[in-house]
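First up is the structure itself, then whatever we jot down about it.
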Amino acid sequence: MKNKLKKLFSYRELEAAWLDVKTKQAAGGIDKHSVRDFEADQDRNLRRLLRKLNNRTYLPEAYLQIKIKKNKNEKRILALATINDKIVQTAIKNRIESRLETTFFDSSYAYREGRNARKAVNKVRHYIQAGKNEWVAKCDIDNFFDTIPHKRLRKQLSPYVTDKYLMELIFSFVKMGYVTQDKQWIERTGGVPQGAVLSPLLANLYLSPLDQRMNDLNIPYVRYADDFVMLAPTEEQARQILDSTVDYIQNRLQLKLNPGAFVKHTQYGFKFLGVWITDKSVTLPSTKIEKIKAKIRKAFRHANFPKKYHKVANGINAYYARIVPQHILFPVDELIIRLWTNKLINNNKITRKKHIKAALRELRFVTDIYNQNLDFHIRNIQNDVYEQKNARKITSAEQAVKLRRKIYERKAAANAYLHIEGYGIVLGVAKNHIRIKEQGNKIRKFPLANLKQITIASKATSVSTALIKYCADHNIAIDFVRPDGTAYAKLYHYQSTHNRLWLAQMQHTRSKHAAAIARRLAAAKINNQLKTIRYFSKYARKTDTDIAQLLPGLIDELQQIRLQIKSLPPGDNLRDSLMGYEGTASARYWQWFELMVDEETDFKERITRGATDLVNQMLNYGYAILYRLVRDSVIHQGLHPELGYLHAYQKNKDTLVFDLVEPFRQPVVDRAVLAMINRGTTLKTHKGLLDEPTRRKLITAVYKRLGQHDKYLGQRLTFYDIIHKQTHLLKLHITGQAAEFKPYKITKW
């Protein structure tokens, strides 16, 4: 009776290995079987592998040979294993890796959990700066993976693999030959196959004696795979280290070295892991930046765009952007902006703004800082592309002036507000701009010329006293806001209170003029509701029967309410009557609003506090922006925010702000929200609040509306300026310098 063979692997071990291969979506090998093919009958396939392994009959497949460009003159040969072989190699790796890890040294940083290239570079810098090791010694192993001697590798591995079949299986994978695309066999006589699952672990094992030697000699040393650095405090010591290391590698490890080993002072810099390190910095040579740019350009031309472009950009982000300061890679991101702009301009099928924006969903940058400001860059590219695609032939001087004016008005509006989110942001002022830094790195400059408001929505932002003084001197408020957009703090100039004006304002709210102001504010709001309904229903009523049926009666009712407001007699009950009519008009307005968004959202009714649905949260956030701006205007004019005309006085409630906000809700916030929903913009909530992308989109849309123009008191002004003009007019009326107060009414869209 034959002895029963000891089980080599369990089903659970193979299943864990398979899940690892599946998660990585590894490519198949010479048999052309994919992860999906294996998954189609994974239990049966796993049991078949398990049976062969435990019977000691598993035969690895040949590697598919893949050649990729290494440099101008050389190609790197990669070994692509089959899915079966990858599962088996992963199971072996999982079995022996923990044993080998206990013998590895801290100086080794490649292919190990919790270690990476960034940490290796940081360790080198630590040795240079903290240890005063100003001299570097470096040598380069020639074709390391392909020249590792098998006999010595087996000897080093044998203490950790006692099962004879498992050892032979490992070396079957190590020695297995390649097959080319045309099925030609290529023998392998040495080394470990690059691309195989086991190769990185075996490579680390092979160089572990070098790590031990450096540790025993107490030499400052960092290794990442076959790229390593040795440091010393003097040139003489560095040369001694280099000479003895060269001898050890060539004679003991039986590896060859490339020519060009050197010793030099760290102030002159040296290359390690693709970056340039000096005694003071880590950077990328200009030649490396140009190579990265060339890679990006090639990815844009690739037939598999944007997948190929994403792979390249993500690779640069995962490697170089984690090692060097991000500003070094800003030129690459600027190139990406130019490439995207040119690509969309040359695409004749993309003409409308929404199509341009849809295409830009694939936009990715190589630095985290540019990716964090993705919406900002999408908006700029979208505007540039649209402007060039829709450039009109100039037929008159008047037309030229008008077009150019619109361009500059749009640019000025874009620079009117600064919204800050993120962690570790530092705001300072320098000459004519705000300097914005994140974790010590400069993100961008923001021009001061048109700045009207700064909003800080992050928990860890520092504002310099120089910027605070500039804002105080120029009446620019700095708001600190909660996640729902409401302010919890605000910085003003200390001379923003005017007691005499407050006394005059209090008397004015009790005078005969108060009734006229309250009446006009309520009428202006209803007027603007009517204009909004007409504007958005112009096309909706052609396709939506509910809106078509509601519209005539709704418009007639709002017009009647407006007339009734004008004819209300003055008296103690006027304010209550106005609020009653205003409430009726608003109820009808929100009934129409619900029909406008019913297919896209779950909006049922207007909710101000504690709203959980998307639309109400967007409206509340947008109104919070308006409240802050109107309050800034009120304070700037020296008025008291709690002394209102339409809304009744409430302690610690900004009733005047509520009054003056009313005419701007519809043209600024409601229009922005309706437009975003009607365009099919992706909008979401998270944990009971608007998620960050939705919040950014809404903020952009509201401030864009604030930069649009309409007429007020015979002047063409932005909504920003109309808000301030309206507040200023109220001040003049209170002080007797203006005969009457006229709230803003929409004149045209």
Inset, instruction - Kindly determine whether Leu363 and Trp340 satisfy side-chain contact (heavy atoms from CB on, under 4.5 Å), including the steps that lead there. - result: CA-CA 8 Å; Leu363 175 64; Trp340 264 109; 3.1 Å; yes
Legend entry - Test item: Tyr744 and Asn528 side chains (from C-beta on) under 4.5 Å apart, heavy atoms: yes
Inset, instruction - With the side chain counted from C-beta on, respond yes when Arg520 and Ile565 share a heavy-atom pair under 4.5 Å apart, and no when they do not. - result: no
Legend entry - Within 6.0 Å of NZ in Lys353, more than 12 heavy atoms from elsewhere: yes
Inset, instruction - For the residue pair Arg606 and Leu619, establish whether any side-chain heavy-atom pair is separated by less than 4.5 Å. - result: yes
Legend entry - SB check Lys490 Asp632 (cutoff 4.0 Å): yes
Inset, instruction - Sequence neighbours left out, what passes side chain to side chain donor-acceptor pair (under 3.5 Å) with Glu692? Give chain and number order. - result: Arg696
Inset, instruction - Please work out whether the ring planes of His377 and Tyr370 are parallel, tilted or perpendicular, with thresholds of 30° and 60°. - result: parallel
Legend entry - Pairwise side-chain contact, Leu501 with Gln637, heavy-atom cut-off 4.5 Å (strictly under): no
Inset, instruction - Answer yes when Arg379 and Asp375 have at least one side-chain N-carboxylate O distance shorter than 4.0 Å, and no when they do not. - result: no
Inset, instruction - Step through the shown structure and confirm whether more than 12 heavy atoms of other residues, nucleotides or ligands are within 6.0 Å of NZ on Lys389. - result: yes
Inset, instruction - Check whether any side-chain heavy atom of Leu344 sits under 4.5 Å from a side-chain heavy atom of Leu360, and report yes or no. - result: yes
Inset, instruction - Go through Leu427 and Thr461 one step at a time and tell me if the side-chain contact (heavy atoms from CB on, under 4.5 Å) criterion holds. - result: CA-CA 8 Å; Leu427 303 180; Thr461 294; 4.3 Å; yes
Inset, instruction - Compute whether any side-chain donor of one residue and acceptor of the other, for Gln453 and Tyr703, lie under 3.5 angstrom apart. - result: yes
Legend entry - Pairwise side-chain contact, Tyr712 with Asp721, heavy-atom cut-off 4.5 Å (strictly under): no
Legend entry - Row check, Tyr535 ring normal vs Arg671 NZ/CZ: under 6.0 Å, within 45°: yes
Legend entry - Charged tip of Lys452 within 45° of Tyr720 ring normal and under 6.0 Å: yes
Inset, instruction - Taking all non-hydrogen atoms of both residues into account, name the closest pair between Glu605 and Asn616 and its distance. - result: O-ND2, 2.8 Å
Legend entry - Distance-only side-chain donor-acceptor flag, Gln591 / Arg588, under 3.5 Å: yes
Inset, instruction - On the 0 to 90° scale, with breaks at 30° and 60°, tag the Phe536-Trp592 ring pair as parallel, tilted or perpendicular. - result: tilted
Inset, instruction - Taking the side chain as every heavy atom from C-beta outward, state whether Val668 and Leu706 have any pair of such atoms under 4.5 Å apart. - result: yes
Legend entry - Beyond-backbone contact of Phe664 with Ile723, side-chain heavy atoms, under 4.5 angstrom: yes
Inset, instruction - Kindly state each residue pair satisfying salt bridge (charged side-chain N to carboxylate O under 4.0 Å, His left out) with at least one member in residues 674-690, sequence neighbours excluded. - result: none
